[in-house]
Amino acid sequence: MVAAALIPLFPLLGFLLISLNVNRLQKYVAATIACGMMLLAFLVGVYTFFTTSGPVQIDLFTWIKAGSFESTFGFLIDPLSLIFILVITGVGFLIHVYSIGYMHDDEGQNRFFSYLNLFVFFMLLLVMGSNYLIMFVGWEGVGLCSYLLIGFWFRNQEYNSAANKAFIMNRIGDLGMLIGIVMIFMNYGSLDYGTVFGGNHNTAITTTITLLLFVGAMGKSAQIPLYTWLPDAMAGPTPVSALIHAATMVTAGIYMVVRNNILYLMSPISMEVIMIVGLATALLAASIAIAQNDIKKVLAYSTVSQLGLIFVALGLGAFTAGIFHVVTHAFFKALLFLGAGSVIHALGGEQNLRKMGGLRKYLPVTYLTFIIGVLAISGIPPFAGFFSKDEILAAAFEHNKIVWALSLLTSLMTAFYMFRLLFMTFFGSERAGEHAMSHIHESPKSITVPLMVLAALSVLGGFLNIPEALGGHHAMANFLQPVLAPVEAHEANHSTEIILMIVVVALTLVVIFLAYNMYVRRNDTSVDPEETTGVRRVLTYKYYVDELYNAIIVKPLYALSKVLDNIVERLGIDGIVNGLGKTVVYGSRGLRFFQDGSIGYYLFVMVVGIILILGYTINW
Amino acid sequence: MNTLFTIAGVGILALIAEIVNLKRWLTLVVILGLAGALAFLPWYTNHAESAPAFNAMLMFDGSAVAFTWLIVIVTVFWLWMSAGYLRQGEHQTDKTSLVIFVVLGAVIMASFNNMAMLFLGLEILSLSLYALAGSKKDSLSSIESAFKYFLMGSFATGFLIFGIALVYGASHSFNLGEIFNFVKDNPDALPAYFYAGVVLMMVGLAFKISSVPFHFWAPDVYEGAPTAITSLMATVVKIAAIAAFWRIFGIIFCLTASHWVNIVYAMVVLTLVIPNITAIYQQKVKRMLAYSSVAHVGYILLGFVALANGNFVNPLPIIFYLAAYSVSSLAAFSVLIKVEENGGSFSGLYYRNKWLAVTMIVALMSMAGIPPMAGFTAKYLVFIAALSANLVPLVILAVITSAISVYYYFRVIIQMFDKDGSVEPVNVSWSIAILNFIFLVLMIVLGIFPAFDLLMRLIQS
Amino acid sequence: MYITVFLILFPMFMFLLLVGMRHKNPKWLALGGAVVELAVSIYAWINFIPGAERQFSIVIPMPYSFGISFNVGIDGISLPLVLLTTVLVPLIILSSSDKNFNRPSLFYGLVLLMQAALIGVFTSFDVILFYVFWELALIPIYLICLIWGREGKGGKITIKFFIYTLVGSLLMLVGILFVYMTGDRPLGPNAFSLNVFYEIGQRMQPGQQRFVFWMIFVAFAIKMPIFPFHTWQPDTYTKAPTQGTMLLSGIMLKMGIYGVIRWLIPVVPFAVVQFSNVALILSVIGIVYASCIALVQKNLKTLVAYSSIAHVGLISAGVFTRSIIGIQGAMIQMFSHGLVVVGLFYLIDIIEQKAGSAEFKDLGGIRNVAPKFTTAFVVIMLGSVALPLTSGFIGEFLLINSLVQYQVWIGAIAGLTIILGAVYMLVAFQKAMSGELQPGLASFTDLSISEKVVLYPVVLLIIIIGVYPGPLMAVSESSVSALVNSLPDLTPFIRP
Amino acid sequence: MTLNFFYFLSFLAILAAVMVVVSRNPIHSVLYLIVTFFCIAGHYVLLNAQFLAVVHIIVYAGAIMVLFLYVIMLLNLNRESEPHKSTILKIMATVCGGLLMIVIIGSLKGTEQLVEARVATGEISLVKNLGKVMFSDFLIPFEVTSVLLLAAMVGAVMLGKSEHTDVK
Amino acid sequence: MINSVPIDYYLWLSAILFSIGVVGVLFRRNGIIIFMCIELMLNAVNLLLVAFSAYLNDPAGQVFVFFIMAVAAAEVAVGLAILVVMYRGIRTIDINVLNRLKW
């Protein structure tokens with residue numbers, strides 16, 4: 001079972017090998033090392049999956065010990081972590097392979113692979129850690145890698161700013177999480193999952209803890225109010241967007257909530273908060289996505305929206321549905337990003353949808369796989385997204401009709417903007433510039449093969465957890481059983497569920513038709529975003545949230561800092577200190593004039609002194 | 001007692017040297033003579049041995065012996081240091097003998113047991129000093145300082161003897177022991193003019209120790225007098241004045257302390273604050289050292305107040321402070337003299353003569369009270385004494401002013417490392433180099449191994 | 001038992017050797033001395049038996065001095081700091097290997113004298129001895145700043161630094177003597193020893209304790225420095241020669257924290273309980289305040305200087321929680337901060353040398369030409385922002401942990417350091433290192449061998465301690481617990 | 001009778017003393033001071049200290065004041081050329097002196113009980129008695145006085161001897 | 001004979017003379033007259049001592065007066081020497097001219 005400890009070791013090894021020899025390694029060697037390590041990790045993961053029965057804890061060494069605080073560096077292998085291990089290493093491997101082609105011409109390729117490997121290492125730590133602190137290590141580590149990779153092309157200061165933004169927003173979440181972790185330690189005396197889950201729970205404290213932990217999740221999984229970094233994070237190379245900002249890292253928040261499902265179930269308030277935040281994020285992001293023209297931004301907002309939807313599921317207690325959607329989302333969103341990357345690659349870096357169109361005949365493989373991805377995310381049966389999304393909607397329907405309605409709305413908007421994306425990219429007139437069109441070509445094998453594999457997964461992924469209504473056995477739910485708290489299962493009856501499915505699919509098809517009508521038939525792409533008005537303008541400018549944050553947080557912070565620096569520090573504190581010094585010096589300047597060199601004056605002062613002294617004495 | 005005669009004899013010998021042409025070896029002879037005088041001085045005394053002598057005119061008790069040791073040793077160092085000054089000009093023998101008379105007066109002031117001896121000792125010391133201050137006759141500053149010193153000194157003497165007269169009138173005696181007994185026997189029936197006499201004596205002595213507000217002469221006189229004489233005033237004279245002050249107020253009038261201690265408080269506060277602050281703006285090192293010398297009186301008086309207040313009759317902190325201050329001060333002045341001989345600018349001294357600069361740095365740090373130099377240990381003892389008398393606010397004030405003092409001391413250090421300064425090297429004779437090295441060692445050794453116990457045994461009172 | 005004596009006296013001997021004689025190569029002689037010192041300290045670490053006992057201790061009563069003795073030893077609280085000193089000093093000497101100071105023997109002599117004084121501070125178990133070393137440490141650093149600093153004539157900033165810290169330490173002297181005077185004033189060889197001092201202090205009346213607390217606290221607060229006693233620091237750091245800045249920030253400010261742990265909390269526990277909220281709040285204000293100011297600095301050096309204030313604020317806040325976790329966190333964070341800040345200042349020094357300036361307006365895009373330099377910068381920066389698996393995280397986690405346990409809100413505000421720290425460091429990195437290469441920086445070369453020799457050990461240590469802090473933490477564990485457990489039971493005073 | 005004589009002498013002494021201070025011509029001051037000294041000598045006689053009175057006149061009037069006169073003449077200072085201090089300073093000086101007088105006189109209280117304790121006879125002032133005290137009890141001070149005078153002489157000679165160098 | 005004059009009278013007289021001396025010192029700028037005023041102060045003290053000596057019937061007071069006289073003579077010798085040297089240097093004995101040394 002110790003073999004499981006090797007899983008994170010391989011990417012770490014890869015990272016070290018590449019980074020220590022970053023200038024010496026040939027490009028293909030570095031790529032081979034990186035991909036090879038990922039493959040090895042994946043294989044060990046698969047091996048572990050099939051050989052493990054029940055949770056296994058592997059303690060490596062005592063990491064931090066201070067007084068009553070003790071934290072081991074150890075791993076916990078259980079169904080939940082196994083699912084994530086497989087997704088991370090599996091999808092990760094594919095994206096590594098994809099990167100070989102994608103980053104082939106980049107001078108920083110070796111560096112890129114080392115970062116990717118490092119990322120996988122931290123991500124594995126996150127999901128495999130046997131206690132909160134190790135999770136936190138991974139949690140911050142993936143943030144670091146995300147930072148490094150967003151700012152990968154460091155010559156562009158905008159990208160660097162995006163990287164900073166990502167790291168800092170994540171850190172805001174991390175602070176909440178850190179305090180949550182400390183409070184866990186305070187109340188349970190340990191950070192070990194087992195001890196904590198089996199400890200004495202107090203609703204009020206648990207609520208605080210879970211909310212604080214959720215703050216961390218808000219940052220990492222890009223939920224309101226900390227979501228704005230994710231669209232900006234698209235500054236990184238596309239494989240990064242696929243791996244980190246769609247498939248794996250951003251789902252860390254979901255992993256964390258599911259991992260702590262026992263605590264969350266203790267606290268209805270936290271569950272409610274999660275659901276509301278998730279729902280709001282889902283709607284907000286989906287609506288923004290409709291009006292975006294950057295292919296990666298659309299996908300980014302889509303990711304935010306989907307994550308929101310998953311949080312709705314978690315907030316409703318449908319943990320399995322959440323995990324299920326995470327898995328399928330990893331497949332199809334990775335597919336979509338990689339497809340988008342392929343398009344961008346083909347067009348020589350163009351990301352603007354308004355400069356695409358009609359690409360299906362030039363990029364057939366990309367086109368086909370992309371369609372699969374779009375269908376999957378839109379929830380068209382039998383693609384993966386259908387099953388997972390359906391399960392969330394079913395849970396919502398059961399909980400609250402309004403939640404269901406809003407989730408459904410999100411889902412429909414998803415279908416709309418995804419098809420908008422599809423249509424604007426591959427259909428209609430060819431709007432790309434001549435220069436781009438002259439170079440256009442289908443991507444190399446290393447890019448298309450991962451696309452195809454992911455497409456296959458997007459088609460088949462849904463069958464992991466077919467609902468009973470459709471004659472399935474909830475395979476994943478059963479698998480996750482040991483991790484989840486026992487919940488009273490009061491499922492809606494199957495007929496209702498099937499009716500709901502039909503309604504959803506039908507509405508989705510209507511929306512797709514609408515999109516087709518708008519973007520293929522009417523070719524509604526000519527509106528310059530600068531000329532938009534009303535709601536559309538608000539959507540194009542993302543509800544002005546960035547501007548709002550800038551106005552209420554960033555600018556005041558800098559203004560305050562300037563005031564502190566220039567006024568409080570210089571004039572105030574240092575002014576007082578220097579003022580004291582100056583007073584003494586001026587005092588000296590003044591006092592020395594008492595020593596004016598004249599004997600008469602000296603004698604005079606002496607006599608006055610004597611008079612005072614004598615006067616004082618005789619009055620005694 | 002034989003010490004006194006020996007010192008007087010050495011003084012007269014110095015005069016005779018003019019006649020017998022002994023000038024070349026004069027300084028050496030005088031130093032040997034003083035060493036001989038020390039031979040007559042007991043290593044330490046206890047109460048039984050410290051009986052008054054010569055019809056109770058003198059008493060070499062513990063503190064007197066300690067002060068005398070200090071005075072003579074400091075003088076020996078001073079002579080070593082100032083051989084050059086003494087040899088200058090035409091009056092080598094005169095100056096030497098006057099210096100010896102100063103020492104004689106100082107020793108009398110440390111060991112008197114009768115007001116007449118105090119008065120005479122003080123006057124011998126003062127008159128010789130007046131003349132010495134003006135000994136550089138071609139310099140107007142020197143003459144001005146001599147005149148200022150003389151005029152103000154005699155004025156202050158008037159108050160001192162007025163005080164002595166009043167005390168005599170009240171206590172019927174000039175003898176310290178009798179006065180002490182008189183005070184002890186009539187604790188409640190002392191007439192008002194007795195107290196007036198006490199404070200007038202205090203005024204007279206406060207002038208000599210240059211405590212604020214009777215310090216005005218000090219900076220001017222110190223600046224104007226020949227540097228070697230300035231260092232004599234800052235060390236030997238200061239020790240003698242403090243010794244006399246201690247003898248009068250620490251021993252004889254200590255029972256009436258409640259009547260005058262508040263005045264000393266006020267003097268301590270003023271003496272800590274005013275010279276320390278005034279020194280900051282000084283441009284001349286010599287004048288700065290003058291203010292610093294006045295400022296140090298504040299710390300010494302702080303120790304004095306603490307002792308008087310705490311009924312703690314051991315002048316150890318004061319003696320140690322004086323020793324530490326004298327060594328540091330002599331070291332600083334010895335460097336100053338060399339610098340004055342070489343253009344008078346301290347800038348870049350470190351690059352011109354490393355050891356001279358190092359001596360100066362250590363001396364200044366010692367005066368600033370930075371461990372592990374002697375000055376720190378001295379301040380430490382004073383603060384301990386003051387704290388044991390619950391003088392916490394005064395100690396805090398002293399601490400703050402000594403931090404202020406760092407500013408002006410370190411300005412000199414900064415100047416010595418000035419890279420743009422003069423580059424002309426400063427040459428130092430072997431004898432002065434050895435002396436400086438001894439100072440250096442003393443300043444550090446006194447800081448690290450202060451030999452408190454030894455001094456304690458010496459004092460034993 | 002002679003190890004401690006050796007550790008203190010050997011650098012002094014080297015100082016005399018360097019200053020007193022002529023040498024062709026004072027740099028290497030000094031380095032040799034520092035390496036010997038490092039080896040001896042590691043030998044001490046190996047022979048150190050984990051536990052609260054004082055080891056390698058020796059008590060020599062000073063002849064003829066009231067109960068002051070040369071009482072030194074090493075316990076769990078001293079050892080990490082001794083190690084920090086002995087590790088950093090060779091690195092600091094190495095970091096100057098490309099420089100040609102005038103009067104090198106004096107320079108390196110003073111560095112070693114400083115080392116002796118610092119080790120003396122960390123190993124003294126006699127309060128007067130402690131004080132003497134405390135002040136002694138000030139002299140060499142003052143001279144270093146004065147003679148080799150960047151300040152023009154007058155040395156105003158250096159003297160401000162000196163007087164500011166001196167005021168503090170003199171007040172501490174008053175406090176120390178006050179404690180001594182309230183005791184029985186024995187004259188034996190242990191009159192000023194640590195245990196006696198604790199005993200007297202803990203028996204004092206609350207009013208007396210309050211007085212002593214403020215007297216001593218101010219000294220440590222200035223040295224650390226805690227807001228609002230910090231204004232000497234940024235100026236001094238900017239004007240001192242880089243090696244001086246390293247000594248100041250890397251080791252010297254640990255004296256203040258060490259002082260609080262060893263010479264304040266156990267001495268006046270009641271007053272500490274009473275005022276720890278004040279101290280904590282000042283520290284926490286300092287964290288936010290200094291971080292904010294760091295945010296708008298236009299110069300890398302002042303930025304790092306302010307960041308140092310913020311980090312130290314966190315450490316002192318943790319110490320004032322008086323919990324094992326807080327103090328242990330402080331111990332490890334002191335070590336880590338020493339490494340990080342020395343690394344950062346060295347990086348800035350390299351930038352200044354190669355780019356001629358550390359102003360952001362003159363920098364940018366260094367990454368393009370100096371990848372190794374960038375890597376070192378990134379790792380050290382991550383250590384500074386306390387990323388897990390760097391040494392900074394261990395300390396900051398424990399410190400925030402202790403603070404949250406003390407008071408959630410204080411912990412939360414102190415925790416802002418992990419956000420604000422990231423903000424200013426990343427922005428600084430972005431401005432200085434990323435972007436297009438500034439035209440003036442085309443000649444910026446990557447790390448030379450001599451630079452690697454300094455930076456790589458720092459980088460490695462940051463990571464090694466971050467991954468496996470166990471051995472280092474085990475050193476101080478039992479001493480810290482013994483110290484915390486020896487405090488009188490003050491539960492009724494906590495959180496009234 | 002004695003009292004009246006006392007009043008007369010006192011009045012004369014004070015008047016002459018005031019004149020010392022206010023006379024413009026230094027010579028006049030010297031002469032007034034001599035008058036004062038004579039009055040004081042008269043007081044000594046009243047106090048039965050005849051020997052002292054004689055010595056006083058010899059030393060002060062005969063030696064010291066002559067020295068003063070000699071110097072004034074030597075330096076040719078017998079002009080009324082002294083630029084006087086400003087009036088305000090003079091007033092302040094007088095006020096200060098007055099205040100000083102008040103505090104001193106104010107402090108001279110409580111003499112009665114001490115003085116009445118002894119019976120005063122004139123014998124102590126006889127040369128014989130004074131000589132006994134001087135050469136027994138006060139022998140050392142007497143000897144030391146010789147050193148004092150020697151020192152004064154050396155000092156005065158050193159200062160007075162011209163070195164044939166120009167004063168800078 | 002002497003008892004017919006209360007001792008207080010002598011004390012007051014000497015206090016008055018002393019104060020006049022002090023006033024003179026503060027009043028005048030002429031060095032030599034200031035010096036004379038100091039002599040006046042010393043004489044006031046002498047008077048005080050003699051009075052005490054007479055009323056206490058103790059010869060020590062009078063002996064002390066001898067010493068004061070000796071000191072006064074010595075002081076005059078040194079003082080006048082300084083005065084002469086000073087006059088040689090600055091051609092005046094006005095004390096207000098003496099302020100090279102200040103601040």
Side-chain angles (χ1 to χ4, degrees), chain A residues 19 22-23 61-69 73 111 122 133-134 136-141 143-144 147-148 151 154-157 159-161 163-164 167-168 171-172 174-176 178-179 181-183 185-186 208 557-558 560-562 564-566 568-569 572-578 581, chain C residues 160 163-164 227-228 230-232 235 289 292-297 323-325 327-329 332 365 367-368 371 375 378 382 385 387-389 393-394 397-398 400-401 404-405 408 411-412 415-416 418-419 422-423 426-427 429-430 433-437 467-470 473-474 477 480-481 484:
Chain A
S19 64
V22 74
N23 291 329
F61 57 88
T62 302
W63 187 33
I64 302 178
K65 183 177 181 311
S68 55
F69 181 83
F73 205 105
R111 192 160 55 90
F122 276 123
L133 209 55
I134 303 299
F136 189 74
V137 172
W139 190 271
E140 287 249 283
L144 165 71
Y147 162 76
L148 291 173
F154 53 80
R155 288 208 180 107
N156 186 330
Q157 287 289 26
Y159 293 180
N160 291 323
S161 301
N164 286 354
F167 194 81
I168 289 159
R171 273 252 151 157
I172 295 173
D174 291 353
L175 173 61
L178 190 63
I179 294 171
I181 290 175
V182 174
M183 290 187 71
F185 168 67
M186 277 166 70
T208 320
L557 181 65
Y558 271 88
L560 173 73
S561 302
K562 281 237 161 66
L564 287 181
D565 186 23
N566 293 329
V568 178
E569 174 84 354
I573 299 170
D574 206 22
I576 290 170
V577 173
N578 288 339
Chain C
K160 174 175 161 189
I163 291 181
Y164 205 149
F227 173 89
H230 64 278
T231 50
W232 61 269
D235 291 349
Y289 175 85
C292 281
I293 291 183
L295 214 53
V296 291
Q297 292 306 308
S323 58
I324 297 175
I325 295 180
I327 297 179
Q328 272 286 73
I332 191 92
R367 265 183 108 166
N368 291 302
T375 309
V378 169
L382 294 176
V385 302
L387 199 89
L389 299 191
F393 174 73
I394 316 278
F397 172 72
L398 290 175
I400 292 177
N401 189 340
V404 171
Q405 293 199 35
V408 176
L416 287 177
I418 72 165
I419 299 170
V423 176
L426 294 187
V427 170
F429 181 80
Q430 182 190 355
M433 306 292 289
S434 306
E436 291 291 344
L437 187 67
V467 174
Y468 194 55
M473 297 193 68
E477 175 78 30
V480 170
S481 350
V484 171

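Letters A, B, ... are given to chains in the order of the sequence lines, protein chains preceding strands, and every chain is numbered from 1.
Here A:Ser561 is the residue among A:Ser161, A:Ser561, A:Gly67 with the most heavy-atom pairs under 4.5 Å with chain C. Of all the listed residues (A:Leu144, A:Ile181, A:Leu148, A:Leu560), the one sharing the greatest number of non-hydrogen pairs under 4.5 Å with chain C is A:Leu144. In terms of heavy-atom pairs under 4.5 Å with chain A, the best-connected choice from C:Gly415, C:Gly329, C:Ala294 is C:Gly415. Looking only at heavy-atom pairs under 4.5 Å with chain A, the residue among C:Arg367, C:Glu477, C:Lys160 that has the most is C:Arg367. For chain A, the option among C:Met473, C:Glu436, C:Gln328 with the highest count of heavy-atom pairs below 4.5 Å is C:Glu436. The residue among C:Trp232, C:Tyr289, C:Phe227 with the most heavy atom pairs within less than 4.5 Å of chain A is C:Tyr289.
Taking the ring centroids of A:Tyr159 and A:Phe154, they lie at or beyond the 6.0 Å cut-off. Between A:Phe136 and C:Phe393, the distance separating the two ring centers is shorter than 6.0 angstrom. Separation of the C:Phe397 and A:Phe69 ring centroids falls under the 6.0 Å cut-off.
Residue contact with chain C, scored on non-hydrogen atoms closer than 4.5 Å, is absent for A:Ile576. Only the side chain of A:Phe61 comes within contact range of chain C, with at least one heavy atom under 4.5 Å from a heavy atom of that chain. When heavy atoms are compared at a cutoff of 4.5 Å, A:Asn578 approaches chain C solely by way of its side chain, counted from C-beta outward. Both the backbone and the side chain of C:Leu416 come within contact range of chain A, judged by heavy atoms closer than 4.5 Å. Using a 4.5 Å cut-off between heavy atoms, C:Val385 contacts chain A through both its backbone and its side chain. Proximity to chain A (any heavy atom under 4.5 Å) is shown, for C:Leu295, by both the backbone and the side chain. Looking at C:Val427, the atoms closer than 4.5 Å to chain A (heavy atoms on both sides) sit in the backbone and in the side chain alike. The contact between A:Val568 and chain C is made by backbone and side chain atoms together, counting heavy-atom distances below 4.5 Å. Both the backbone and the side chain of A:Leu175 come within contact range of chain C, each with at least one heavy atom under 4.5 Å from a heavy atom of that chain.
In this structure, the side chains of A:Trp63 and A:Val137 come closer than 4.5 Å at one or more pairs of heavy atoms. Using a 4.5 Å cut-off on side-chain heavy atoms (C-beta onward), C:Ser434 and A:Arg155 make no contact. A 4.5 Å side-chain heavy-atom check between C:Ile418 and C:Ile400 finds at least one atom pair inside the cut-off. Considering only heavy atoms from C-beta on, A:Arg171 comes within 4.5 Å of C:Leu387 through its side chain. A heavy-atom distance below 4.5 Å is found between the side chains of C:Gln430 and A:Asn160. Residues C:Val423 and A:Asn164 form no side-chain contact, since every pair of their non-hydrogen atoms from C-beta on lies 4.5 Å or further apart. Between C:Val480 and C:Val484 the shortest side-chain heavy-atom distance falls below 4.5 Å.
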